[in-house]
Every structure is written in C-alpha cells, then in structure tokens.
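These notes are about the structure you will find just below.
What's counted below: heavy atoms across the whole structure, side chains too, no hydrogens, waters or symmetry copies. Order of listing sets the numbers, starting from 1, for every ligand and every atom in it. Quick caveat: nothing in here was measured; it's all calculated off a predicted structure.
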Amino acid sequence: MATTAPQGNTHGTLLGHPKGLFILFFAEMWERFSYYGMRALLVLYLTKHFLMSDEQSGYVYGAYTSLVYITPVVGGWLADHYLGQRKAVLFGGILIAIGHLLLGVEGGGGQDAVALNAFWTALAFIIVGTGFLKANISAIVGQLYPRDDVRRDPAYTIFYMGINLGGILGPIACGILGETVGWSWGFGAAAAGMLLGIVVFVLGKPLLLGKGEPAQPEVLTERVVGPLTREWIIYGGAVLSVLGVAWLVGNHDAVGWLLIACGVLTVPYLLWEAFARMERIDRDRMLAALFLLALNPLFWGLFEQAGSSLNLFTDRHVDRHILGWEVPASVFQSVNSMFVVLLAPMFAGLWVWLGKRGREPSTPAKFGLALIQVGLGFLALVWGAHWAGLDNPTPVFFIFVIYALHTMGELCLSPVGLSAMSKLSLPRMLGLMMGVWFLATAAGDFIAGLIAANIGAKSAASADPALATLEVYSSVGWFGIVVGGLVVLVAPFVKRLMHLDKLKEA
Ligand code: GLN
C-alpha cells in the first residue's frame, strides 16, 4: 500500500500545501501548454498546410480530441493495476514529447504522403501519451493528502489553475511561432514545453513523497516473455498501439463506432448494476449520474467548436487587430483559459455565497445553465456579426464575449460534474464512473467534429461562407438554450434522485 511518509514534514510546505503539489502543477502546466498550443494550430495547419477541406479537418479534429479523452480510461486502469501513476505520467510525457517533435516533419505541404503519415503517427503518439498522463497526474494530486484533509479541494483548484496557465501560454507561444515563423516552430515549442514538464516531474520526484508508486512492484518486474518484464511489455504494447491509433485518427467513422461500442457496453451495464444490484437510494443516484452523463456530450459538442470551426471563423471573418497588431487567430485559443483563471475563483465564491442563503443551484440545474450559456455565446457572436454587417469583419469584442459565456458554462459543468460523479457513485465503482465521464467528454468531442465538418461542408457549398457558419451557430445556439431550459425545469426531480441529505448523514 501507499507509504505513510509524513505530510510535508520532511520537505516542508508551500502556501500550506505539500511542495509536491507544485511539482504536479508545473508538470501539468507544461503538458497543457503543449496540448493547447498544438490544438490552437491544428485546424489551421490541416487547412493551410495539408490543404484539407474544412469538412475533412473537422473530422480529424473530432477524431483527435475524442481519442485524447478515450485513452485516459485505459491509462488509468493500467496505472491502478500495474504501473502506478508516477511511472505512467513519465512514460506518457515522453510519448507526448515524441509526438510533438514528429509534428515538426512538415513535408512540402499538400497531400504529401510521407508527411501525412508522419502526421497521423505524431497525433497518435500524443493521444496514447495523454492516455497515460492526463488522469494519472490528477490522481497523484489527491494522493498527496489524507482522505479527510480539507486541503484536497483547494489543491485541485490550484492544480486547475496550472492547467489553465498552460492553456493561456501554449496558444500564445506556439500560435505566434507557428503562424508567423513556421509551423514546425510552433510544434517545436509544444515539444519543448512537454520536455520542460518532464524535467520538472523527474527532478521533483522526491517531493512526491513516494506517492503514485506501483501497488505491487514485484508484479511489474516479473519476467513474462523471455527477458521482458511486465513493465516493458506494457511500454512496448503502448508504442505498438500507436499504429492502430494512427489509423483511427484518419478514420473518423471508426472512432464513431468505437464510441458507440463503448456506449453499448457501459450504459446497459450501469443500468443492470442499478436495477439488479443496488438498493433504491444508490439506484436513484446512478440514474441521476446517467442523466448528467447524457448532457456532457451535448455541452462539449458545442463548446469544442473553439479549436475547430470557431478558430477558422476567427481566422477568416474577424477583425483581429488589437492595438495596431493583427493577432494570429490561434492566439485567441488562450482566451478560454484566461477567463477560467479570472472567473473560477468568482464562481467558487458565488456558489458558497448562494449556498449560505440556501439558493445554490443544484448540480443538474448548473448543467442546464451551462448549456444555456454555451448557447447564448453562439447567439452573441451571430448577433455581433450581423450587427457589424456581413460585408465587414466581425469585431474581435464578440470573440471575447463568446469565450466568456462558454467559459462560464464550462465552470458550471466541468468541475461540478467531476465532483458529482465522485458523490453519486458507489466507492467500488468510482474509477469506472470517472472513466465513463471522460468517455462522455470524448463523445462530445466527436459530436463537435461532426458539427465542425457540417459547417465546413455548408460553407464550401455557400456563396457566403461566414453566413453559412453563422446559420449553424444560430441553430446550435438555440438548441443549447432550449435543452438547457428543459434541464433547468426537470432539475428539481433529478436533484431528488441524488439524495444529498442522506449523503451528509453517511
Ligand atoms: N480544460 C480542462 C483540461 O484541459 C478540461 C477539458 C475537458 O474536460 N474537456 O484539463
């Protein structure tokens, strides 16, 4: 079992937290720097360098971001059962850095077969690497604290700031380099970020106080095939899986089938657990969790236009001049993270303030509000573009408005949803439910790809591509508002299924 090293005594604390938290903070900050830096460039690279249509690039974006959230389920399982989280994070970081380096192989542009294959392989390295890194680094955060430690929630808030600091810096650095100096410079900056993250993580190992180590190291060092230990077989298997994943990123339909297969396996299984094996209260909670899980893909499906169709819209139809400088479109990908850093403390305070007055919205109501806000964000942009007149570029102000509303939605759903999963699931199913939450996010990213591809196809067929995009934004905006409104209406019933009063007594 985990060691019982004294909490922070041997190495001291920083801001009242074990110093290890800040190692994880900076390691994850650099990982997200690379992820969001590269994501900011992705569709621009696909459309301008590989000359893919908007439709095709929407599919690739959807498949890539979807796979990035499917693999943590496997990576989390492998870490829990064999590797331990620390080794998994380190291995994942190395794969991610290889992926970003490989993206530097630009080739001559157009549909250059060698460069395209290098590109699919690079994306697959990042996807598999993220599978090992993302969920596991978050798990080590929790392991630094005893179960009942009140600093646990603040620790995750600090960690989330690290994520978004990376989300701010990545698109700025990689975006400016990639769009103004050369694509491979942007991807190179992403690789450098991930390498810095690895350095921080390796040097900071003593501060992790022995947490996240394998539960049974002897199982890991056991030789299974010839001289090969189980640990090396896992690493080798992961590297081999890159080939399959590389095929998947380029075959959007297959990712769709994979998600459907996951859904067909998990939803009936969870319903069977609920109806065949649970008492009434736990069954109700599972139904409430399934309700929230079903909304998750709708939210991310709309939100994740950010890096795809909204990125292209910003590039082509927005007046990006700020203080006389024409800001590259990719740089605006950092605005969401800026708003998270700015607004997250306000939201946390708002929930406490409302809670004290007995007026804090329930979790399902917050999900409804999230959908309404993401919908309003789209309508604000549509309205702004029409107000400026479609013959003119849209004022950049409206890009800030859409991201502000989308971020407010994110803050009503993302942290709230994770905490709801941990509250609503039986302890024996917690890992599975977290995995299913990520799968639902993956489904959302897939839907986002479909919407972006649809926008691409409509724009290509239309005499006015900006208008075609805005028409779809208007439809999805109203969809978000109507569904969100309905969710707010049924929220009191779902809240009752959560049996929160009993949770406090337990
Ligand atoms: N922005 C957060 C992160 O990168 C959450 C993203 C998500 O859940 N889709 O970790």
Between Lys134 and Glu28 (salt bridge meaning N to carboxylate O under 4.0 Å), is one present in this structure? yes
Donor-acceptor pairs under 3.5 angstrom involving side-chain atoms of residues 447-455: please list them, not counting sequence neighbours.
from, atom 1, to, atom 2, distance (Å)
Asn454, OD1, Lys458, NZ, 3.3

Does anything in residues 398-422 form a salt bridge (Lys or Arg N to Asp or Glu O under 4.0 Å)? List the pairs, not counting sequence neighbours. none
Decide whether Ser330 and Asn311 meet the rule of one side-chain donor and one side-chain acceptor closer than 3.5 Å. no
Output all residues satisfying ring pair (Phe, Tyr, Trp, His ring centres under 6.0 Å) with Phe303, sequence neighbours left out; order by chain, then residue number. Phe299, Trp300
Write none if no such pair exists; otherwise list each N/O atom of ligand 1 with its protein N/O partner under 3.5 Å and the distance.
from, atom 1, to, atom 2, distance (Å)
ligand 1, 1 (N), Tyr36, OH, 3.0
ligand 1, 4 (O), Arg32, NH1, 2.8
ligand 1, 4 (O), Tyr36, OH, 2.6
ligand 1, 9 (N), Tyr69, OH, 3.4
ligand 1, 10 (O), Lys134, NZ, 2.6

Parallel, tilted or perpendicular, judged at 30° and 60°: which one describes the rings of Tyr69 and Phe438? parallel
